[in-house]
Amino acid sequence: MLQVNFLRQNTELAKKKLAIKHFANLNLVDEVIAIDDERKQLQASFDDIQSKVNAASKEIGGHMAKGEKDQSETLKNAVADWKKQLDPLKEKMALVEASLQQVIVQFPNLPHDLVPLGKTPEENEVVRVGGETPKLPTNAEAHWDLIKKHNLVDFETGAKITGSGFPLYIGKGAKFQRVLTQYFLDFNTAAGYTEYLPPFMVNAASAFATGQLPDKEGQMYHATEDDFYLIPTAEVPVTNVFRDTVLKESDLPLQMTAYSPCFRREAGSFGKDVRGLNRVHQFEKVEIIQIVHPDKSDEVLNEMVAHVEKLLTSLGLQYRILRLCGGDMGFASAITYDFEVYSAAQERWLEVSSVSNFQAYQTYRMKCRFKDADGKIQFAHSLNGSSLALPRIFAAIVENYQTETGIALPKVLQPYFGAENLI
RNA sequence: AGAGAGGUGUCCGAGUGGUUUAAGGAGCACGCUUGGAAAGCGUGUAUACGGCAACGUAUCGGGGGUUCGAAUCCCUUCCUCUCUGCCA
C-alpha cells in the first residue's frame, strides 16, 4: 500500500513511476489526495467538538460532586447539542475513510529505478546466464513421460483423490521431494536464515497484509466455514509473524526460511505450459523472507539473488536471471528478479524462483515498523524469494540428469538421498 | 464440543460509572553519586491521526450499544487458561 503523504509530496514522480507499471488511471493520484484533504478537515472538526464534549463532561462531574444540579443540567443540554453535530460527522468520516482505503489499495507499488520499461515477458532483461546446457541421451524424454515410466508421480490417482493438479508422489518420487526440501532448508539455515514451520491456513487479516486480499481473492482456496484461506506461499504466514509490531533497530535484519505446501486455484492456460509438473494446484516450496532496514534493502536483494544463484549452481542446473520489466512485475513488488532453469528435454526455460524487494509496500500495509537510533518509528522493508519451488526443480533435474538407463542425481543431493542415482 | 475463569502499557499488576491526566512494581535509557561497579537518588520510557508548535483526538483483545461521562455496565465476536468429552 502506498502512503498518501508520499503521493502528496511526490505527485509527479509517483505518476511517472506508476506509468512504468502500466497503471492506467493516473488521475487517481490527485483523487486520493483530495479525499485525504477532506478526511483531514473532517477529523479536525470532529476532534474540536469532541474536545468540548470531554471538557464539559468533566465539568459536570465536578458540579454533581458539589450537588450543583442546575449547572450540570445546562451543560448536559449543551453537550446534547454538540453530540447532534457529531453523529453526521462520524458517518461522513467513515464514508470518506472507506473511500480513501478503497482507492489507495488500487495502487501497485512504485517500480525501482532499475526496472526496465516494457509490458510483456519478452521485454524482461536477461541479467545473467549461468551453468551449462546438459547433453541428453538420444532417447531423452520430457519429465511427464519419465515420471510415468518410473512411477515417481501419479497425476491420475491424484485427480481421483482430489482433482486435477493435485499430484500424488510415489516411492522415490516422494522421497525426492523430501530430500529436496531438506537440502534447501539446510542450505538456507547455513546462510543464517531461521527456519519456521508456519500454519498452512491463514485468516483474512493475514491475507490482506501481504496483499493477497482483496486483489487475488479468487486465486486462493477458501475454507468458508471458518473463513480461513489455504496459503498460496509461505510468504503469507511468515511475513505476518511481524504484523502489527514495532521492532528494535537491532532486531534487523530478520532472516526467515520456511517450507510449506502452496495451494493455488489459478485457472491457467492449456497445453505444454501446464503439462506435468509445470503448473499444479498444490506444490511444495521453500521460501526465504527478510525484513530489513530501508537503507539496506537494495543490498539485501542482491544478496538474496546471489544466494539463490549459488543454490542453483550447486544443483548443476543451467539458469538465467531476468530483471522483470514494469509490465510483467507483481503488484506489490518494487523490483523482481526471476530465475529460470533450462529444461533441455522441453527446450524451454522454467521459472523456479522469483526474488523481490517490496520495500515498504507490505510493511506499511501490515504495520511492521522499527524504532531507529533517534527513537523515530519507521517502516521496515520486506523482501522474499523462493529457494526453491520444488516441482519444477524436480522436473528439471529429472529431465537434465537423465541417462541412457536411468536418472542420475546432483552431487550435493547424493548424501541426502543415500544413492548416486534417483533411478 | 460442553462448563468455568480470564484478556489492562515492554513485562508483572491495581483498578466495578466522574482529579485515571491508567496507581504501584520490574525492566530499559539518561543523569547524579562512585576509583570502578552494585545499591541509592532523580528524570524519562505506547501507538495512530490532525497541528509549524502548544496541544487536541482515538486506543485497556476486536466490533457495536447505554450514558453528560465507560478500562469499569450491556450485546456480540476473537483469543488464552482450567476441568470434562472427543481425537493423531
Side-chain angles (χ1 to χ4, degrees), chain A residues 1-9 32-105 197-209 213 223-229 237 240-252 254 261 360 362-380:
Chain A
M1 205 155 70
L2 297 180
Q3 292 169 260
V4 183
N5 278 344
F6 180 87
L7 294 176
R8 194 186 282 283
Q9 284 156 24
V32 87
I33 293 169
I35 297 172
D36 194 50
D37 285 337
E38 194 185 354
R39 182 190 62 83
K40 284 186 184 187
Q41 216 179 349
L42 287 168
Q43 171 100 47
S45 341
F46 182 88
D47 285 0
D48 187 49
I49 297 171
Q50 186 61 250
S51 168
K52 287 196 242 177
V53 170
N54 288 349
S57 297
K58 195 175 276 180
E59 224 181 298
I60 290 170
H63 288 309
M64 300 278 272
K66 289 185 212 150
E68 298 164 348
K69 261 200 159 164
D70 291 351
Q71 280 98 325
S72 42
E73 281 308 314
T74 317
L75 276 170
K76 276 190 195 181
N77 290 334
V79 169
D81 282 346
W82 285 323
K83 292 200 81 172
K84 268 183 220 147
Q85 300 171 38
L86 232 40
D87 284 340
L89 266 179
K90 217 196 254 178
E91 266 171 50
K92 209 163 171 196
M93 266 169 73
L95 283 176
V96 168
E97 266 162 28
S99 72
L100 181 68
Q101 176 76 3
Q102 195 241 319
V103 173
I104 196 98
V105 297
L197 182 61
F200 298 152
M201 292 176 120
V202 295
N203 56 31
S206 293
F208 176 82
L213 291 179
T224 50
E225 181 120 311
D226 297 288
D227 198 20
F228 294 149
Y229 294 87
N240 269 284
V241 170
F242 300 98
R243 167 152 58 89
D244 291 320
T245 54
V246 181
L247 299 157
K248 287 186 284 233
E249 188 166 354
S250 58
D251 292 336
L252 305 177
L254 293 161
Q362 285 182 330
T363 52
Y364 176 62
R365 200 173 169 120
M366 67 177 175
K367 301 195 172 42
C368 171
R369 297 150 290 176
F370 72 96
K371 201 171 257 189
D372 68 18
D374 303 326
K376 265 183 33 189
I377 303 282
Q378 292 191 46
F379 288 99

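Proteins come first, then strands; the chains are lettered A, B, ... in the order of their sequence lines, and each starts at number 1.
- Atoms CD1 (I49(A)) and C1' (A58(B)) sit 16 Å apart, rounded to a whole Å.
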Q | Criterion side-chain contact (heavy atoms from CB on, under 4.5 Å) on T363(A) and R369(A), from CA distance to verdict | A | CA-CA 7 Å; T363(A) 52; R369(A) 297 150 290 176; over 6 Å; no

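- When Watson-Crick and G-U wobble pairs are counted only if both distances are under 3.5 Å, G9(B) pairs with no nucleotide at all.
- S57(A) OG to K76(A) NZ: the interatomic distance, rounded to the nearest 0.5 Å, is 10.0 Å.
- Remark: the separation of the P atoms in C81(B) and U8(B) is 14 Å, to the nearest Å.
- Under 4.0 angstrom from either OP1 or OP2 of G69(B) there lies no side-chain N or O belonging to N54(A).
- Other residues, nucleotides and ligands place no more than 12 heavy atoms under 6.0 Å from the NZ atom of K90(A).
- In this structure, D226(A) atom CG and U77(B) atom P are separated by 15 Å, rounded to whole Å.
- The P atoms of U80(B) and G65(B) are separated by 28 Å, rounded to the nearest whole Å.
- Of the P atoms belonging to A26(B) and G40(B), the separation is 8 Å, rounded to the nearest Å.
- For K83(A) and U67(B), the shortest distance from a side-chain N or O to OP1 or OP2 is not below 4.0 Å.
- As rounded to whole Å, 14 Å separates atom C1' of G61(B) from atom CG of N203(A).
- Set against A58(B), U47(B), C68(B), the side chain of V79(A) has C68(B) as its closest nucleotide.
- If you measure from atom CG of L86(A) to atom P of G65(B), you get 13 Å, rounded to the nearest angstrom.
- Atom name P, nucleotides G44(B) and U34(B): the rounded distance is 24 Å, in whole Å.
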Could you list all N or O pairs between the protein and nucleotides 48-54 of chain B that sit under 3.5 Å apart?
{"residue": "C49(B)", "atom": "O3'", "partner": "R39(A)", "partner atom": "NH2", "Å": "3.3"}
{"residue": "C49(B)", "atom": "O2'", "partner": "R39(A)", "partner atom": "NH1", "Å": "3.2"}
{"residue": "C49(B)", "atom": "O2'", "partner": "Q43(A)", "partner atom": "OE1", "Å": "3.1"}
{"residue": "G50(B)", "atom": "OP1", "partner": "R39(A)", "partner atom": "NH2", "Å": "3.0"}

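- Note on R8(A) versus D37(A): salt bridge recorded, some NZ/NE/NH1/NH2 to OD/OE distance being below 4.0 Å.
- Taking atom P in both G42(B) and U33(B), one finds a spacing of 15 Å when rounded to whole Å.
- In this structure, CE of M93(A) is placed 11 Å from P of A58(B), rounded to the nearest angstrom.
- When rounded to the nearest whole Å, the span between CD of Q50(A) and C1' of C68(B) equals 12 Å.
- With P as the reference atom, C73(B) and G7(B) are 11 Å apart, rounded to whole Å.
- Across all strands shown, the partner of C28(B) is G44(B), judged by Watson-Crick or G-U wobble contacts whose two distances both fall under 3.5 Å.
- For C87(B), there is no paired base (Watson-Crick or G-U wobble, both distances below 3.5 Å).
- One atom, CG of D227(A), and another, P of C78(B), lie 11 Å apart when rounded to the nearest Å.
- For the C1' atom pair drawn from G50(B) and G64(B), the interatomic distance equals 26 Å after rounding to whole Å.
- Considering CZ of F370(A) and CD of E249(A), their distance stands at 5.5 Å, rounded to 0.5 Å.
- The closest side-chain donor-acceptor pair between S51(A) and N54(A), if any, does not fall under 3.5 angstrom.
- Separating the CG atom of L89(A) from the C1' atom of U57(B) is a distance of 13 Å, rounded to the nearest angstrom.
- When both distances must be under 3.5 Å, the Watson-Crick or G-U wobble mate of G36(B) does not exist.
- Across all strands shown, C49(B) forms a Watson-Crick or G-U wobble pair with G56(B), both key distances being under 3.5 Å.
- When Watson-Crick and G-U wobble pairs are counted only if both distances are under 3.5 Å, A71(B) pairs with no nucleotide at all.
- With a cut-off of 3.5 Å on both pairing distances, the Watson-Crick or G-U wobble partner of U82(B) is A3(B).
- Salt-bridge check for R39(A) with D36(A): passed, with a basic side-chain N closer than 4.0 Å to an acidic carboxylate O.
- The 5' end of RNA chain B is approached more closely, in terms of each residue's nearest nucleotide, by K58(A) than by the other of F46(A) and K58(A).
- Pair check for U66(B) finds none; no Watson-Crick or G-U wobble contact set falls under 3.5 Å.
- Mapped onto RNA chain B by nearest heavy atom, L75(A) and K52(A) fall at different nucleotides, with K52(A) at the one closer to the 5' end.
- When the nucleotides A46(B), C68(B), U21(B) are ranked by their closest atom to the side chain of K371(A), A46(B) comes out on top.
- For Q41(A), the CD atom is loosely surrounded, since the number of other residues' heavy atoms within 6.0 Å does not exceed 12.
- Counting all heavy atoms, side chain and backbone alike, L252(A) lies closest to L247(A) at CD2-CD1, 4.0 Å.
- Between G18(B) and U72(B), the distance separating the two C1' atoms is 12 Å to the nearest Å.
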